[in-house]
Amino acid sequence: MSSLDRSHDPARSSWVVSARAHADFPIQNLPFASLKQEGLRGGLAVAIGDDVLDLSMAIAAGWGHGLGEPVRTALAATQLNALASRPADEWREVRLALSDALSDPAWADRLRPALKPARSVTFQLPFHIHDYTDFYASLHHATNVGAMFRPDNPLLPNYKWVPIGYHGRSSSIVVSDVPVRRPQGQVKAPDADAPTFGASRSLDYELELGLFLGGRNALGEPVTAARASSRIFGFCLLNDWSARDVQSWEYQPLGPFLAKNFATTISPWVVTTDALAPFHVAPPPRPSGDPLPLPYLQVPDDWTLAIELEVLLATAAMRGRGDAPARVSQVDFATAMYWTPSQLVTHHGSNGCNLSPGDLFGTGTISGPTPDSRGCLLERTRRGSEPWVLPDGETRRFLEDGDRVIMRAHARHAGAVSIGFGDCTGVVLAAS
Ligand code: MN
């Protein structure tokens, strides 16, 4: 497990006044993002309260002298790959240097010019994402979805032995707020003789956490369970948009393809594994009768995270009236997951697959045992058979054009200052 240091001290506060008791970005968080600057190269920033600190400007103002030239060069890059390829103890040094400067009033005059209101900036992807893999690590999700596609055989016999995943597509990953166009695809109704091609009629979201990897293992050199935790640079929110009608026709025998590769949205902020250290909790025990993981998947001092996630929806009508978004579901990460973050990394690297800085893993849809904790509409409305009724009387089976999906997450644990992930949002555009 990561250890605690002065950057996690609940008593530490910032001279950036809006950071005090901030719901997402108090000084105990300090997540990274990449700013898009029109006509300029953009660059890395850190969230503090309602502001972002431009790291290149902070370095120009004299911050970061103790970090060493390679780290300062990595922080002056436009994305996080260079920093994530440095040793993990340097990630922590950066965090400590940021925490020290943003809590020490002696730095206020020099760093204030490097602060910008978060609402005035736009974001780009925080990493250049070489490879993206999506897992299926929530037992409730696997059971619920399995029951819909295979009522007589919901959970396949490999589920409790192998962390199931599929290779996703990096090119269509977008950052929060980028609109998502309803895909067209091939669909076949169960009673139809032949498929048709057209706009998906069952567009869905999937509530997930993303893991960004750091460090490297050479091709052919497995990642061991003991090393896996140190390979996780940080976490984001992830929406694995899914066209269920396309998926149900195409998914056998090789798994998801065009039903999922048209868009994946991630939150702009990367909450570091170090920032989440106070929220590490022991994984819940496996249900009695379940097999122990094979030895290669037994992670020493394994951890999961005390994070609560929620999905909200704002329809076009609601937004037109200025109504607040309505909550569709809320779920606890630690108890929803069957496999831990380190087990996902261990399994993916167990065959010698080379994992690189900026690789992204999705956890799979995070669903709990109750209807209001299910992380996608497929489960929430039981494949559309039990429509969800919004506060204004509208109903949803799947997403409609103009719907805005909003995902949020907060880490909470006794004795720690809560931290958040910021919003992961996207609005659905009509098919072209
Ligand atoms: Mn997924």
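Read the numbers this way: they start at 1 and go in the same order the structure lists the ligands and their atoms. Because only heavy atoms are used, hydrogens play no part in the values below, and waters and symmetry mates are left out as well, while side chains stay in.
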F25 and H22 aromatic ring geometry - parallel, tilted or perpendicular at 30°/60° bounds: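 H22 vs F25 ring planes: parallel.
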
At the Mn ion (ligand 1): angle between D240 atom OD2 and E206 atom OE1, to 10 degrees: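 With the Mn ion (ligand 1) as the vertex, the angle is close to 80°.
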
Partner of F212 by ring-ring contact (aromatic ring centres under 6.0 Å, His included), out of Y132, F127, F233: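 Result for ring-ring contact (aromatic ring centres under 6.0 Å, His included) with F212: F127.
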
Closest E208 atom to the Mn ion (ligand 1) [N, O or S only]: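 Nearest to the Mn ion (ligand 1) within E208's N, O and S set: OE2.
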
Atom name, D134 (N, O or S, nearest to the Mn ion (ligand 1)):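 Atom name of the closest N, O or S in D134: OD2.
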
Donor-acceptor side-chain pairing of R380 and S329 below 3.5 angstrom: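 S329 and R380 do not have a side-chain donor-acceptor pair below 3.5 Å.
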
R244 bridged to E206 by N-O distance under 4.0 Å: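 Salt bridge present between R244 and E206.
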
